[in-house]
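First up is the structure itself, then whatever we jot down about it.
Residue indices begin at 1 and follow the sequence shown.
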Amino acid sequence: MRRRLSHRASRALPSCDSSPDSSPCSRATHPCCFCWCCCCSCSCLAVRNHDKDMCGSRRVSNMSTPGSLPGTEDRGRLSLTEVSSWALSFNALLDSLSGRSVFMEFLRSEHSDENMLFWEACEELKAETRKATVAERAKQIYLDYISILSPKEVSIDATVRETINKNMASPTGHIFNEAQAQIYALMHRDSYPRFLNSPLYQSLLQSPAPANPAADC
(Lines give C-alpha, C1' and ligand atoms only; values in the text may rest on other atoms or scores of the structure.)
Protein backbone atom coordinates (compact mmCIF):
# COMPACT_ATOMS: atom_id res chain seq x y z
CA MET A 1 0.00 0.00 0.00
CA ARG A 2 1.47 3.33 -1.03
CA ARG A 3 2.14 5.83 1.73
CA ARG A 4 1.18 9.36 0.77
CA LEU A 5 1.27 12.76 2.52
CA SER A 6 -1.85 14.92 2.45
CA HIS A 7 -3.37 12.85 -0.32
CA ARG A 8 -6.56 14.86 -0.47
CA ALA A 9 -4.69 18.12 -0.32
CA SER A 10 -2.42 17.10 -3.18
CA ARG A 11 -5.42 16.80 -5.45
CA ALA A 12 -6.73 20.28 -4.65
CA LEU A 13 -5.85 21.60 -8.07
CA PRO A 14 -7.56 24.28 -10.12
CA SER A 15 -9.88 22.67 -12.64
CA CYS A 16 -10.52 23.56 -16.26
CA ASP A 17 -13.92 24.18 -17.80
CA SER A 18 -15.07 20.88 -19.27
CA SER A 19 -17.25 22.63 -21.86
CA PRO A 20 -16.00 21.91 -25.41
CA ASP A 21 -16.58 25.54 -26.37
CA SER A 22 -14.73 27.02 -23.41
CA SER A 23 -11.85 24.59 -22.93
CA PRO A 24 -8.52 26.13 -24.01
CA CYS A 25 -7.42 22.65 -25.08
CA SER A 26 -10.16 22.49 -27.73
CA ARG A 27 -9.56 25.79 -29.48
CA ALA A 28 -8.39 25.29 -33.02
CA THR A 29 -6.47 28.55 -32.93
CA HIS A 30 -4.59 27.60 -29.76
CA PRO A 31 -4.01 23.83 -29.68
CA CYS A 32 -2.90 22.45 -26.35
CA CYS A 33 0.33 20.47 -26.46
CA PHE A 34 0.32 19.87 -22.71
CA CYS A 35 -2.06 20.78 -19.90
CA TRP A 36 -0.25 21.71 -16.70
CA CYS A 37 -3.43 21.89 -14.64
CA CYS A 38 -3.93 18.13 -15.19
CA CYS A 39 -7.68 18.34 -15.70
CA CYS A 40 -9.29 15.01 -16.50
CA SER A 41 -11.25 16.76 -19.28
CA CYS A 42 -8.09 17.88 -21.09
CA SER A 43 -6.07 16.00 -23.63
CA CYS A 44 -3.04 15.02 -21.53
CA LEU A 45 -3.59 11.30 -22.04
CA ALA A 46 -3.95 11.75 -25.78
CA VAL A 47 -0.73 13.75 -25.91
CA ARG A 48 1.10 11.13 -23.88
CA ASN A 49 -0.13 8.33 -26.14
CA HIS A 50 0.94 10.35 -29.18
CA ASP A 51 4.40 10.94 -27.70
CA LYS A 52 4.70 7.23 -26.96
CA ASP A 53 3.80 6.35 -30.55
CA MET A 54 6.29 8.88 -31.89
CA CYS A 55 9.15 7.89 -29.63
CA GLY A 56 8.49 4.16 -29.42
CA SER A 57 8.57 4.15 -25.65
CA ARG A 58 8.48 6.54 -22.71
CA ARG A 59 11.75 8.02 -21.47
CA VAL A 60 13.15 6.09 -18.55
CA SER A 61 15.84 7.37 -16.23
CA ASN A 62 19.20 5.65 -16.67
CA MET A 63 19.61 5.58 -12.92
CA SER A 64 16.22 4.12 -12.16
CA THR A 65 15.61 1.35 -14.66
CA PRO A 66 14.63 -1.97 -13.04
CA GLY A 67 17.49 -3.66 -14.85
CA SER A 68 20.02 -1.55 -12.91
CA LEU A 69 19.11 -3.18 -9.59
CA PRO A 70 21.78 -5.58 -8.29
CA GLY A 71 21.09 -9.25 -8.79
CA THR A 72 21.93 -12.02 -6.35
CA GLU A 73 25.53 -12.26 -7.61
CA ASP A 74 26.07 -8.48 -7.34
CA ARG A 75 24.70 -8.44 -3.81
CA GLY A 76 27.09 -11.22 -2.91
CA ARG A 77 30.02 -8.92 -3.73
CA LEU A 78 28.91 -6.21 -1.26
CA SER A 79 31.32 -5.79 1.65
CA LEU A 80 30.32 -5.59 5.28
CA THR A 81 31.86 -2.12 5.47
CA GLU A 82 29.73 -0.80 2.64
CA VAL A 83 26.51 -2.45 3.81
CA SER A 84 27.05 -1.25 7.40
CA SER A 85 27.67 2.31 6.21
CA TRP A 86 24.09 2.53 4.95
CA ALA A 87 22.88 2.55 8.55
CA LEU A 88 25.01 5.59 9.44
CA SER A 89 22.61 8.02 7.80
CA PHE A 90 20.04 8.24 5.03
CA ASN A 91 22.48 10.35 3.01
CA ALA A 92 25.10 7.59 3.30
CA LEU A 93 22.59 5.20 1.76
CA LEU A 94 21.71 7.58 -1.08
CA ASP A 95 25.38 8.34 -1.78
CA SER A 96 26.01 4.65 -2.48
CA LEU A 97 24.95 3.36 -5.91
CA SER A 98 24.57 -0.14 -4.49
CA GLY A 99 22.72 1.24 -1.49
CA ARG A 100 20.23 3.08 -3.67
CA SER A 101 19.68 -0.04 -5.75
CA VAL A 102 19.00 -2.24 -2.72
CA PHE A 103 16.80 0.46 -1.20
CA MET A 104 14.89 0.63 -4.49
CA GLU A 105 14.30 -3.09 -4.28
CA PHE A 106 12.91 -2.65 -0.78
CA LEU A 107 10.64 0.21 -1.87
CA ARG A 108 9.34 -1.88 -4.74
CA SER A 109 8.34 -4.59 -2.27
CA GLU A 110 6.30 -1.91 -0.47
CA HIS A 111 4.88 -0.49 -3.72
CA SER A 112 6.44 2.91 -3.12
CA ASP A 113 9.41 2.83 -5.49
CA GLU A 114 8.05 5.88 -7.33
CA ASN A 115 9.48 8.00 -4.51
CA MET A 116 13.05 6.91 -5.22
CA LEU A 117 12.54 7.08 -8.97
CA PHE A 118 11.32 10.67 -8.64
CA TRP A 119 14.22 11.64 -6.36
CA GLU A 120 16.76 10.22 -8.81
CA ALA A 121 15.06 11.89 -11.79
CA CYS A 122 15.30 15.25 -9.99
CA GLU A 123 19.02 14.70 -9.35
CA GLU A 124 19.57 14.02 -13.04
CA LEU A 125 17.57 17.11 -14.00
CA LYS A 126 19.63 19.38 -11.74
CA ALA A 127 22.82 18.09 -13.38
CA GLU A 128 21.56 18.92 -16.90
CA THR A 129 22.84 22.17 -18.42
CA ARG A 130 21.20 22.24 -21.85
CA LYS A 131 18.03 24.33 -21.72
CA ALA A 132 16.13 22.30 -24.31
CA THR A 133 16.97 19.05 -22.54
CA VAL A 134 15.95 20.53 -19.18
CA ALA A 135 12.53 21.44 -20.59
CA GLU A 136 12.09 17.99 -22.13
CA ARG A 137 13.10 16.13 -18.97
CA ALA A 138 11.03 18.41 -16.73
CA LYS A 139 7.97 17.66 -18.83
CA GLN A 140 8.60 13.92 -18.59
CA ILE A 141 9.11 14.07 -14.82
CA TYR A 142 5.88 16.01 -14.51
CA LEU A 143 4.00 13.41 -16.54
CA ASP A 144 5.55 10.52 -14.64
CA TYR A 145 5.38 11.71 -11.05
CA ILE A 146 3.45 14.99 -10.60
CA SER A 147 0.41 14.60 -12.85
CA ILE A 148 -2.65 13.26 -11.03
CA LEU A 149 -3.24 11.12 -14.11
CA SER A 150 -0.04 9.15 -13.55
CA PRO A 151 -0.09 5.79 -11.73
CA LYS A 152 3.33 6.77 -10.31
CA GLU A 153 2.17 10.10 -8.86
CA VAL A 154 4.14 11.05 -5.75
CA SER A 155 2.57 12.62 -2.70
CA ILE A 156 3.31 16.33 -2.38
CA ASP A 157 1.25 19.10 -0.84
CA ALA A 158 -1.09 21.31 -2.84
CA THR A 159 1.01 24.46 -2.49
CA VAL A 160 4.12 22.85 -3.96
CA ARG A 161 2.10 21.24 -6.74
CA GLU A 162 0.53 24.58 -7.67
CA THR A 163 3.95 26.26 -7.78
CA ILE A 164 5.20 23.57 -10.15
CA ASN A 165 2.12 24.01 -12.34
CA LYS A 166 2.84 27.73 -12.68
CA ASN A 167 6.54 27.24 -13.44
CA MET A 168 6.17 24.52 -16.06
CA ALA A 169 5.75 27.13 -18.80
CA SER A 170 9.47 27.88 -18.41
CA PRO A 171 11.06 25.10 -16.32
CA THR A 172 14.55 25.15 -14.85
CA GLY A 173 16.67 22.33 -13.50
CA HIS A 174 15.48 23.17 -9.98
CA ILE A 175 11.75 23.32 -10.66
CA PHE A 176 11.08 20.22 -8.53
CA ASN A 177 13.36 21.12 -5.60
CA GLU A 178 10.56 21.58 -3.07
CA ALA A 179 8.76 18.45 -4.20
CA GLN A 180 12.02 16.48 -4.07
CA ALA A 181 12.65 17.72 -0.53
CA GLN A 182 9.21 16.54 0.57
CA ILE A 183 9.74 13.09 -0.95
CA TYR A 184 13.21 12.91 0.61
CA ALA A 185 11.67 13.69 4.02
CA LEU A 186 8.97 11.06 3.46
CA MET A 187 11.49 8.34 2.62
CA HIS A 188 13.82 9.39 5.44
CA ARG A 189 11.09 9.38 8.06
CA ASP A 190 8.97 6.50 6.85
CA SER A 191 10.78 4.07 4.55
CA TYR A 192 14.40 4.27 5.71
CA PRO A 193 13.83 2.98 9.30
CA ARG A 194 11.80 0.07 7.97
CA PHE A 195 14.50 -0.69 5.41
CA LEU A 196 17.15 -0.97 8.13
CA ASN A 197 14.96 -3.47 10.00
CA SER A 198 13.89 -5.37 6.89
CA PRO A 199 14.88 -8.98 6.20
CA LEU A 200 16.53 -7.76 2.98
CA TYR A 201 18.97 -5.45 4.74
CA GLN A 202 19.53 -7.75 7.70
CA SER A 203 20.41 -10.62 5.36
CA LEU A 204 23.10 -8.45 3.73
CA LEU A 205 24.55 -7.62 7.15
CA GLN A 206 24.71 -11.27 8.11
CA SER A 207 26.27 -12.65 4.95
CA PRO A 208 28.29 -9.99 3.08
CA ALA A 209 31.24 -10.82 0.87
CA PRO A 210 34.77 -10.07 2.11
CA ALA A 211 36.03 -6.62 1.24
CA ASN A 212 37.92 -6.56 -2.04
CA PRO A 213 40.00 -3.35 -2.33
CA ALA A 214 41.09 -4.17 -5.87
CA ALA A 215 37.48 -4.33 -7.01
CA ASP A 216 36.78 -0.90 -5.54
CA CYS A 217 39.62 0.79 -7.46
Q. Does the side-chain contact (heavy atoms from CB on, under 4.5 Å) test come out yes or no for Ser191 and Leu186, once each step is laid out?
A. CA-CA 7 Å; Ser191 302; Leu186 175 63; 5.8 Å; no

Q: List the steps, then state whether side-chain contact (heavy atoms from CB on, under 4.5 Å) holds for Met104 with Leu117.
A: CA-CA 8 Å; Met104 179 80 77; Leu117 291 171; 3.5 Å; yes

Q. Passes side-chain contact (heavy atoms from CB on, under 4.5 Å), Met116 versus Glu120? Steps please.
A. CA-CA 6 Å; Met116 191 65 194; Glu120 288 186 330; 4.0 Å; yes

Q | Derivation of the side-chain contact (heavy atoms from CB on, under 4.5 Å) call for Asp95 and Phe90 | A | CA-CA 9 Å; Asp95 287 341; Phe90 188 46; over 6 Å; no

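Residues Gly99 and Ser96 approach most closely at N-OG, 2.9 Å, considering heavy atoms.
Thr172 OG1 to Lys126 NZ: the interatomic distance, rounded to the nearest 0.5 Å, is 11.0 Å. The OG atom of Ser147 sits 13.5 Å away from atom CD1 of Ile141, with the distance rounded to the nearest 0.5 Å. Separation of atoms CG (Asn91) and NE2 (His188) is listed at 7.5 Å; rounding is to 0.5 Å. Atom CZ of Arg194 and atom CZ of Arg189 lie 10.5 Å apart (nearest 0.5 Å).
In this structure, the side chains of Ile156 and Ile164 come closer than 4.5 Å at one or more pairs of heavy atoms. Contact annotation: the side chain of Pro171 never approaches that of Lys139 to less than 4.5 Å [non-hydrogen atoms, C-beta and beyond]. Side-chain contact between Leu125 and Ile175 is present, with at least one heavy-atom pair separated by less than 4.5 Å. Ser150 is not listed as a side-chain neighbour of Leu143, based on a closest heavy-atom distance of 4.5 Å or more. Between Arg130 and Glu128, the closest side-chain pair of non-hydrogen atoms falls below 4.5 Å. In this structure, Trp86 and Ser98 have side chains that are in contact, with non-hydrogen atoms separated by less than 4.5 Å. With a 4.5 Å cut-off on side-chain heavy atoms, Trp119 and Leu94 count as touching. Leu205 places a side-chain heavy atom less than 4.5 Å from the side chain of Ser84.
In this structure, the ring of Phe176 has its center no less than 6.0 angstrom from the ring center of Tyr145.
Considering only residues two or more places apart in sequence or on other chains, Ser109 meets the side-chain contact (heavy atoms from CB on, under 4.5 Å) condition with Phe106.
Looking only at distances, no side-chain donor or acceptor of Tyr201 sits under 3.5 Å from a matching main-chain atom of Val102. Listed for the Asn167 side chain is a donor-acceptor partner under 3.5 Å among the backbone atoms of Thr163. The main-chain N or O of Ser112 is never found under 3.5 Å from a side-chain atom of Glu110 such that the two would form a donor-acceptor pair.
Side-chain atoms of Asn165 and Tyr142 form a donor-acceptor pair, as typed in the model, at a separation below 3.5 Å. There is a side-chain donor-acceptor pair under 3.5 Å between Asp157 and Gln182.
Looking at Glu153 and Arg161, a side-chain N of the basic residue comes within less than 4.0 Å of a carboxylate O on the acidic one, giving a salt bridge.
For the pairing with Met187, the side-chain contact (heavy atoms from CB on, under 4.5 Å) check across Phe118, Phe103, Phe195, Tyr192 returns one residue only, Phe103.
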